[in-house]
Amino acid sequence: MALTLAALAAERPLGLRVRAAEAGLDRAIGWVHPTELTDPQAFLEGGELLLTTGLALDETTSPGYIRRLVDAGVAGLGFGVGLSHESIPQSLVDTAEEVGLPVLEVPRKTPFIAITRAVSRAVAADEYASLVRTGKGQQELTRTAVGKGGPGGVVRKLAKLVDGWALLLDSSGAVTEASPSARPFAEELQDDFARLRAGTLVTVAGEYEVVLQTLDTRARGVLAVGTREPLDAAGQHIVNTAVSLLSLALEQNREHVDAVRRLRSGLCDLLAAGQAELATRTMKSLWGGVPEAPWSVLAVAGPAGARRSLADALDAEVAGDKVFFGEVGAFVVALGDVETVARRASRIGGLHAGLSDSVSTVDFPAGLRQAKQAAEAAKAERSPLVRFAEHAGRGFLEMVDPQAAQAFSDSLLAPLRHHDATGRGELVASLTCWLEHHGHWDLASARLGVHRHTLRNRMRKVAELTGRDLDSPGVRAEFWLALQVSART
């Protein structure tokens, strides 16, 4: 800690006496500068203890002299008596008290060099302590970074070293790592985060001074450090070390993530090429599991940056045996718990998703084509999600008179709705699912959560109530048209 005027005045061998502005003795002394100039401003940086014998000062010139020292930002004035003046001019003391500039009376027996040496020793000791603290802090941060703590451990260790709190923010301003009690400050810093493009920004959050510093990574990240007092030199060096370590760790992690994503995309290419067995075997080997088939394939289209944000979110939020995703061309493609993926995509601007019908593993290529077509339709409509089943039925519906189509739908589906209204079954839902799966009994029954024999009985009931043969492609098309019209009303 830097030497203060109070500590210097307390050194008895110097014999210093406080003559003015005692309340300001907590000021730190940056250096000592002896001068007899009446206007030394051009030679000062601020924070000095100025020493003078007042050779050119008297009761008339002293007030202006004191005000010039205040303008120069000096920490205090040491006035040597017994040479030019037997005592300090009273106007100098009065003015210094008025403006709050501490004045120390230096007795004749105390040479100015003794004061300079005392301050020099204190400055040297302070610099040594700062150097030791910096080295120790850098060592602790480095051990944490190369150990099991990772970026989170570095952030928490940094908060302890600077006696404050720390936040690591990603490119969107979201918190990725935080020391205890730090998260509530993230929202308050969002405006400052938005203003910071590169480098460092100092701001205030509550009673804390906050330093925001960008990381040297491809993906924009920011380290925020809050302390009750401004960071000293050691604190600044420790924060810079944390920034370097975090940048290195995150960049290495990014390279690992990129490699995994390239592998995922390669497996998607294998599925699209009809190599389902090889792809699923590799998934199980690397991630310990594969999303359970049948699959609904989700394809998400949008700007590259938005797709990257979606992939980042999926890496952080979903498990490998629940969701598998990769990039196929300009699409993020997902299998498994696609509802979770669709919800996450909807929260990222500029993304549009398409969902295929349920397909088996070997039919993935067909599902991928459906999902892409639906995603392109969603993009054209500026819709967050379009299902292929809905998209496929729209072309013909646009050519049919709406009133005629509605009358046809109501007539054909009326017996099924009446049956369902009595609580004796779910014929409409079962028929819709069965048609969506192209009459595939196992896939449709799995989606409905019923036994395939139950589904067969329901379809026989549909045929009985409507007098239609469901084995006829034309009848299936009529039912599909009726269901699509019903879904639009």
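A donor-acceptor distance shorter than 3.5 angstrom exists from the side chain of T432 to the backbone of V428, with no hydrogens or angles considered. Judged purely by atom type and a 3.5 angstrom limit, Q190 uses its side chain to pair as donor or acceptor with the backbone of G173. T214 contributes a side-chain N or O that, together with a main-chain N or O of G199, makes up a donor-acceptor pair within less than 3.5 Å. At least one donor-acceptor pair under 3.5 Å links the side chain of T176 to the backbone N or O of L168. Using modelled atom types, one side-chain atom of D420 and one backbone atom of L427 make a donor-acceptor pair closer than 3.5 Å. No donor-acceptor pair closer than 3.5 Å links the side chain of S179 to the backbone N or O of A182. The backbone N or O of A375 lies less than 3.5 Å from no partner atom in the side chain of H352, so there is not a single donor-acceptor pair. Of the possible donor and acceptor atoms, none in the side chain of S285 sits under 3.5 Å from a partner among the backbone N and O of R281. At least one donor-acceptor pair closer than 3.5 Å links the side chain of E48 to the backbone N or O of G46. In this structure, S486 contributes its side chain and A482 its backbone to no donor-acceptor pair below 3.5 Å.
Between W165 and Y208, the ring planes lie perpendicular to each other; the angle is over 60°, past the 30° to 60° tilted range.
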Going through the distances and angles, do R262 and S265 end up as a side chain to side chain donor-acceptor pair (under 3.5 Å)?
CA-CA 5 Å; R262 288 193 292 271; S265 298; over 6 Å; no
Hey, mind stepping through S472 and D469 against side chain to side chain donor-acceptor pair (under 3.5 Å) and telling me if it holds?
CA-CA 6 Å; S472 168; D469 181 9; 5.9 Å; no
Could you walk me through whether E478 and R468 pass salt bridge (Lys or Arg N to Asp or Glu O under 4.0 Å), step by step?
CA-CA 10 Å; E478 289 179 350; R468 304 290 181 112; 2.3 Å; yes
Yes or no on side chain to side chain donor-acceptor pair (under 3.5 Å) for S358 and S296, after CA distance, side-chain angles and deciding distance?
CA-CA 4 Å; S358 292; S296 290; 3.3 Å; yes
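For L443, the side chain to side chain contact (heavy atoms under 4.5 Å, CB included) partners are P294, H437, H440, not counting sequence neighbours. Not counting sequence neighbours, the partners of Q213 by the side-chain hydrogen bond (donor to acceptor under 3.5 Å, both in side chains) test are N240. In this structure, the side-chain hydrogen bond (donor to acceptor under 3.5 Å, both in side chains) partners of T203, at least two apart in sequence or on a different chain, are D192.
To the nearest 0.5 Å, atom NE2 of residue H418 and atom CG of residue L413 are 14.5 Å apart. Atom-to-atom distance recorded for R143:CZ and Q138:CD is 12.0 Å, nearest 0.5 angstrom. Distance CG/L481 to CG/L412: 9.0 Å, rounded to 0.5 Å.
Taking the charged nitrogens against the carboxylate oxygens, E464 and K461 do have a contact shorter than 4.0 Å, which makes a salt bridge.
Between A444 and W434, the shortest heavy-atom distance links the atoms CB-CA, 3.9 Å. When all heavy atoms of A75 and L5 are compared, the closest pair comes out as O-CD1, 3.3 Å. Pairing each heavy atom of P291 with each of G336, the nearest pair is CB-CA, 3.5 Å.
Contact annotation: the side chain of V297 never approaches that of R369 to less than 4.5 Å [non-hydrogen atoms, C-beta and beyond]. The side-chain heavy atoms of L271 and W295, taken from C-beta on, include a pair separated by under 4.5 Å. At least one side-chain heavy atom of R458 sits under 4.5 Å from a side-chain heavy atom of V450. Looking at T144 and L158, their side chains never come closer than 4.5 Å, going by heavy atoms from C-beta outward. Side-chain contact check for C268 versus F324: some heavy-atom pair is nearer than 4.5 Å. Between L435 and F479 there is a side-chain heavy-atom pair separated by less than 4.5 Å.
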